[in-house]
**Q** 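Structure below; questions to follow.
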2 protein chains.
Amino acid sequence: MAAVTARPPRDALAPLPFDAVIRPAAPSAVDEVVAHIRALIAERGLHVGDSLPTERELCQRFQASRNTVREAMRILKAYGVVTVRPKIGAVIVDNRLERALDLFSFNTIEISRKTFADIQGFRSMIEVDTVERIFDHAGPDDITELRARNRAMRDAPTMADASEADFSFHLKLVSILNNDAVTEVYRIMKPVIIRIMEKGKVRQDFGTSTYQQHADIIDALEARNRIKYQYALQYHLELGLNTFGSPQEDKRSPE
Amino acid sequence: MAAVTARPPRDALAPLPFDAVIRPAAPSAVDEVVAHIRALIAERGLHVGDSLPTERELCQRFQASRNTVREAMRILKAYGVVTVRPKIGAVIVDNRLERALDLFSFNTIEISRKTFADIQGFRSMIEVDTVERIFDHAGPDDITELRARNRAMRDAPTMADASEADFSFHLKLVSILNNDAVTEVYRIMKPVIIRIMEKGKVRQDFGTSTYQQHADIIDALEARNRIKYQYALQYHLELGLNTFGSPQEDKRSPE
DNA sequence: GCTAATCCTTTTGTCCAACAAATAAGAGAA
DNA sequence: TTCTCTTATTTGTTGGACAAAAGGATTAGC
């Protein structure tokens with residue numbers, strides 16, 4: 001009597017095999033359940049604090065096994081959109097920011113060189129290439145604030161505080177652009193940027209070389225010297241690349 | 001005959017109940033497996049491209065059931081540190097930035113005038129201000145591809161298809177920068193950008209004025225004419241601003 | 001001998017059923 | 001009424017089965 005049925009041929013109605021051939025990225029049952037749950041949240045207009053149906057109810061609703069639903073729930077938990085407790089069930093939360101931080105405290109995986117280069121390249125576009133916009137908007141108060149944050153970095157007691165202050169300096173710089181989209185993206189990227197800042201540095205570096213580089217950038221900004229500003233900032237951003245190591249990793253086995 | 005043993009009392013050795021009281025966040029079996037795998041990666045010094053042991057091997061090594069190991073693997077996949085394929089197994093990757101950005105594609109941003117201006121400003125920084133980088137990287141193939149996508153937009157049957165093709169054009173433009181961080185940010189902003197593109201337009205506009213603007217941009221890029229390129233692109237991006245309504249909200253600094 | 005199609009084996013993907021643990025809710029006693 | 005104990009429900013974990021994918025070994029055909 002068919003002890004285990006194991007997911008009736010993809011879909012009881014449609015002959016999926018052809019579809020599966022055409023579409024290489026066949027969504028797994030778990031992915032489908034995740035999409036279903038997201039759709040459920042959307043259509044019911046659920047917000048933080050609201051509860052989701054029980055696992056078994058979701059099994060029945062989406063015609064999936066409990067393990068499949070549980071794996072889907074694991075994804076949602078990992079994304080920080082729900083918390084699950086026994087008997088209580090799944091409750092919608094918003095811990096996405098914490099999760100983003102968790103991602104890069106994941107010391108087990110070293111940030112790849114490609115990621116490193118892309119992030120620094122992105123920052124270079126936002127901070128260096130936008131020189132005209134920054135010069136347009138920067139006022140005396142901004143200069144003062146930048147100097148204060150640079151001193152805070154120099155005087156920070158620990159490595160973590162120093163890199164936090166370092167980020168704060170650059171965040172202030174881009175905030176001069178007065179563009180929420182930019183600051184939001186920077187906020188999301190903060191964990192990676194922090195780790196990049198600490199890469200190959202010791203505490204003392206923040207108080208000496210990094211401090212001096214920041215000072216040069218501020219001076220150029222205050223003097224409205226475009227060339228010097230771009231040179232100083234570009235130099236500052238590229239420095240970490242050397243400490244990262246030789247770029248042999250990316251090579252596609254030159255055979 | 002004890003068909004299912006189900007995790008012998010937490011730990012065969014230690015009396016955990018006290019611990020459980022002291023420590024409110026009692027780590028689940030899945031969390032422990034995740035920690036074990038992280039430790040395994042660290043102690044073996046595994047990097048991007050290396051493979052993890054098979055699921056059943058991990059079960060045996062950590063004394064956990066396969067479902068538990070699978071849920072742990074789901075977490076690692078959600079974190080973007082491994083990819084798993086049948087028969088191949090789990091391979092270490094680094095898609096954490098992509099996942100971090102993904103986290104924030106959940107919320108449906110409502111587009112205010114300020115948001116609209118910021119998004120367009122952001123695009124202007126990425127597409128216009130980076131002119132030197134784009135000129136450095138753009139090749140004949142890129143020009144051809146841009147022309148193809150522009151024609152696709154002109155010939156699109158519906159409004160939705162046209163705006164999709166419009167986005168595709170701009171995505172191709174920024175992809176010339178060869179920076180995953182930029183393309184990822186564009187990808188998550190896609191829904192908003194699409195809505196901006198359709199704002200105050202009729203289907204015909206994509207085939208006439210928008211098509212011509214794109215053509216001008218491509219011509220300038222091909223001719224390596226920086227001034228013309230920046231002018232054409234900036235003009236193109238600012239056009240939508242007028243159709244959005246009176247800009248009384250965003251007090252433009254009177255220069 | 002060499003190529004190509006076929007079979008085989010390994011590994012992940014999904015399903016099912018059971019028991020353990022946690023806990024909210026209700027029943028019962030003071 | 002209020003506190004405590006029981007109960008029922010829900011998540012957490014386990015074991016086992018089969019399906020599907022994919023690489024490797026085997027064999028047929030030239």
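Order of the sequence lines sets the chain letters (A, B, ...), proteins ahead of strands, with each chain counted from 1.
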**Q** What is the distance, to the nearest angstrom, from the CD atom on B:E55 to the P atom on C:dT14?
**A** 11 Å
**Q** To the nearest Å, how far apart are A:L52 CG and D:dT10 P?
**A** 14 Å
**Q** Looking at B:R151 and B:D155, is any side-chain nitrogen of the basic one under 4.0 Å from a carboxylate oxygen of the acidic one?
**A** no
**Q** Using whole Å, what does the distance between atom C1' of nucleotide D:dT10 and atom CE of A:M73 come to?
**A** 12 Å
**Q** Within this structure, what is the NZ-to-P distance between B:K87 and D:dA22, rounded to whole angstrom?
**A** 11 Å
**Q** B:D31 has an atom CG; how far is it from atom P of C:dA21, in whole Å?
**A** 18 Å
**Q** Output all residues satisfying salt bridge (Lys or Arg N to Asp or Glu O under 4.0 Å) with B:K172, sequence neighbours left out; order by chain, then residue number.
**A** B:D142
**Q** Which nucleotide wins on minimum distance to the side chain of A:I88, given the candidates C:dT14, C:dT23, D:dA21?
**A** C:dT23
**Q** What's the closest nucleotide to the B:V30 side chain, out of D:dC18, D:dT13, C:dT14?
**A** D:dT13
**Q** Less than 4.0 angstrom between a side-chain N/O of A:R74 and OP1 or OP2 of D:dT13, yes or no?
**A** yes
**Q** Which of residues 61-70 of chain B sit near DNA chain C, with a heavy atom under 4.0 Å from it?
**A** B:R66, B:N67, B:R70
**Q** Would you call B:R147-B:E222 a salt bridge at under 4.0 Å N-O?
**A** yes
**Q** Have A:D118 and A:T115 got a donor and an acceptor in their side chains that come within less than 3.5 Å?
**A** no
**Q** Tell me, which pairs form a side chain to side chain donor-acceptor pair (under 3.5 Å) where one or both residues lie in residues 39-48 of chain A, sequence neighbours left out?
**A** none
**Q** For the pair made of CD in A:Q60 and P in C:dC15, what is the distance, rounded to whole Å?
**A** 14 Å
**Q** Measure from CZ on A:R85 to P on C:dT23 and round the result to the nearest Å.
**A** 7 Å
**Q** Does atom CD (A:Q60) have a neighbourhood of more than 12 heavy atoms from anything else shown, all under 6.0 Å?
**A** no
**Q** Nearest-nucleotide wise, let me know which of B:P86 and A:R56 is further upstream toward the 5' end of DNA chain D.
**A** A:R56
